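Bear in mind that the values here come from a model prediction, so they are computed numbers and not experimental data. So you know, we letter chains A, B, ... as the sequences are listed, proteins then strands, and number each from 1.
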Amino acid sequence: MPRITLPDGSVKEFESPVTARQVAESIGARLAQAAVGCRVDGELADLGTVLDRDCSLAIVTEKTRAGDPDPDALFLLRHSTAHVMAEAIQRIVPGAQLVYGPPLDTGFYYDIAFPEDRPLKEGDFEAIEAEMARIVKNDRPFTRYELPVDEGMAKLKGEGSKYKIDNAEQAVKAGSDRLSFYATGEPGKDWEDLCRGPHVPGTGRIGAFKVMSLASSYWHGDENSDRLTRVYGTAFFSKKDLDAHMMRIEEARKRDHRVLGRKLQLFHIDEQVGQGLILWTPRGSVIRKELQDWIGGELRKMGYTDVYCPHIGKLDLYKTSGHFPYYAESQFVPVMERDFLSKVSDEGCSCSDLSNMMGEGDIEGYLLKPMNCPHHIKIFDSQPRSYRDLPIRLSEFGTVYRWEQSGELNGMTRVRCFTVDDAHLFCREDQVGEEVRGCLKLVKIAFETLGLTDFRIRVGLRDPDSSKYVGDPAVWDKAEAACREAASELGAKVSMEPGEAAFYGPKIDFVVKDVIGREWQLGTVQVDYNLPQRFDLSYVGADNQRHRPVMIHRAPFGSLERFVGVLIEHFAGAFPLWLSPEQVRVLPISEKSNDYAKEVVAKLTEAGLRATLDDSDNRVQGKIKAGSEMKIPYLLVVGPRDAENRAVSVRAFGEEKDLGQMPLEDFVAAAAEEHRGKGKVTVKDRMPAGV
RNA sequence: GCCGCUGUAGCUCAGUGGUAGAGCGCACCCUUGGUAAGGGUGAGGUCGCGGGUUCAAGUCCCGCCAGCGGCUCCA
């Protein structure tokens, strides 16, 4: 006698076990028609699930009752489409062995092992999609059946699929006492797959799908294991939704900082200079310099002092800090002294000997610095320190070098040389809380000024069961409490993540969501008990005893390269006035107005604005098009009508129409104010009424 | 680093065994104009690099370099 509670709280009682589909039918034919699955006690399940005891049931349809697309419905759809794609691929490439095919937020993939002599190519997509379309058109039902473990294993062994056997073994290990299979159609007759489900009722529900791309993966993510081909696809209930998805991808591509970086001439990567090495062009450098000057000003207010350090240091320094040879693989190969090289070569040292010595850290030379902290520590340690001197806050836009794997490099966001807006704070234990709070405040100001208001905070705490952490547990407790408290004071989403601390101390990471919803880890604040110990740092306390200072590493932007890369995408290249490489471009209507236009440019430049003149022989329309494509905040059209009134006709980026005429002096004042105030008040706010 | 794809003019791309192309950009000329491209002419390429096959290679094969999509990694 199952009693079934529906989402509205009503209860339906049945004489005997029923399927979710039957319940849906009892509610209404249209609901049953629209149903793609259900949630039984909150758990996503097939529509054909038999309900034989009391439970809560929600019927899943394409859209939630509020009218939004239901993520569960898409999950079912994509999981099902993965089966259809796998069937199509196996038909086209006999011998292809299926591994694992889960749904994703934006689609799904299927990892497949292809025969060596028949890899999958992008050219196969058309045939796969055609085959998929056929399967969808047949509207075959997804039919679940279960077997006891031994029978199911016997079946899989008979089919000889080592990957599916492995999946089944994992399921058993996780506690399953039965194995479930899904036939796309009739079991024993149609294509089927070991799968825990659930699925939509039939292939006919798949409204629109697309095979997207190929990638490679490893079995179990292990690079020493089998190499698999990952086939990505996506599916939606309607063609319209798929089209919208493709549009979004296209939009994201237009925002891509690598595409915009070229188009807007912000940075350049040159083959001959090297992979992952960013050349900041004049335009990009404006953005970087504005950011540096601004954050530098904030730091001065907060009691930081600037330091400058070389880009290299002796290997011994990094042996003390622990970076070498432990992280040797992610560093550039050390720079060796001539004398050292000739000495070891005289001793008969071979290349492989040298390589081994390097692995052991047993060589002499210099390292391109992978981090700034050791240099800053040496500055701290260059003179005796009293407790009265603390905290000492040393800041530097410090350039570091890391040997990222070539496949990891990506535009400005993953590079081999980058500049950290770094600082190291040396303080007493009792000052940690306040210093951390100060760092967080700075990060918050930075993000909010740039409109990166959607961010969350991850507080990495130590794993209480692990012994890998340095320092006194009681001190850790205090530092963790300080981080936790400071983070929660910020009023953003905070998550505590035990086990995510660095081995040397707890850390706070800022994860920013950009305007298209992608998350980026940018700013970070880390408490460090390790390096002060390794370098035996001390200060003299009020008790005239030596005490160990605590270090805080912090970088609100992270790296300038990554930060600017993210900003390019965040603003889609349309930077706010104060960051714009070219803030105002003056467009004379014809040559006759060139003189006045030059005067306008001069006035703007005098006011500290970055202004240029477009005196090409294009017509105004052409100049506007060109200026708009460069995403310049203000285009000033000037013709005889403006010259006569000593005025300018203002066109702001993103506005469909021009804002109208404004006296030149007023525009200069308003733009200068917008620049200084970082956009708090804009020129538009100062336009005469009626705009 | 691994797998797959790609590499042709400054940019975006067409050309798949037989004399290197287009659009945009650039230069010059005409046009002197009022809010997202007026018209014309022209310059510009060892087809990523190195080998090979062929009477003939941008095109086919091999190696390398770089970019892209992933995987793995990220102090």
Nearest to the side chain of [X], which nucleotide is it out of [options]?
X: A/Met371; options: B/rC2, B/rA75, B/rA37; answer: B/rA75
X: A/Pro370; options: B/rA75, B/rG34, B/rA36; answer: B/rA75
X: A/Lys625; options: B/rA75, B/rA37, B/rG33; answer: B/rA37
X: A/Ile589; options: B/rG33, B/rU35, B/rC73; answer: B/rG33

* Asked: For nucleotides 64-71 of chain B, read 5' to 3', which letter fits each nucleotide if B means a protein heavy atom sits under 4.0 Å from the base, S means only the sugar-phosphate is that close, and - means neither?
  -> --SSSBBB

* Atom pair distance, as rounded to whole Å: CZ in A/Arg458 and P in B/rC74 ->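 The distance from CZ of A/Arg458 to P of B/rC74 comes to 13 Å, rounded to the nearest Å.
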
Check this for me: does any side-chain nitrogen of one of [X] and [Y] sit under 4.0 Å from a carboxylate oxygen of the other?
X: A/Arg458; Y: A/Glu500; result: no
X: A/Glu561; Y: A/Arg416; result: no
X: A/Arg248; Y: A/Glu251; result: no

Under 3.5 Å, N/O pairs linking protein and nucleotides 28-30 of chain B:
residue	atom	partner	partner atom	Å
B/rC30	N4	A/Asp617	OD2	3.4

* Asked: Does any N or O donor sit under 3.5 Å from an N or O acceptor when you compare the side chain of A/Asp642 with the base of B/rG34?
  ->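 Answer yes: a donor N or O sits under 3.5 Å from an acceptor.
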
* So, does the side chain of A/Arg651 form a donor-acceptor pair with the base of B/rA36 at under 3.5 Å? ->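 Such a pair exists between side chain and base.
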
* Asked: When the nearest nucleotide of RNA chain B is assigned to A/Thr229 and to A/Arg262 on a heavy-atom basis, which residue is associated with the more 5' position?
  ->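 Closest to the 5' end, via its nearest nucleotide, is A/Thr229.
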
Quick one: do the [X] and [Y] side chains pair a donor with an acceptor below 3.5 Å?
X: A/Asp658; Y: A/Ser649; answer: no
X: A/Thr281; Y: A/Gln265; answer: no
X: A/Tyr318; Y: A/Gln331; answer: no

* Do any pairs count as a side chain to side chain donor-acceptor pair (under 3.5 Å) and have a residue in residues 627-637 of chain A, sequence neighbours left out, and if so which ones? ->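 Matches after skipping sequence neighbours: A/Tyr634-A/Glu674.
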
* To do: Step through the shown structure and confirm whether more than 12 heavy atoms of other residues, nucleotides or ligands are within 6.0 Å of CD on A/Glu126.
  =>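 Result for CD/A/Glu126: open.
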
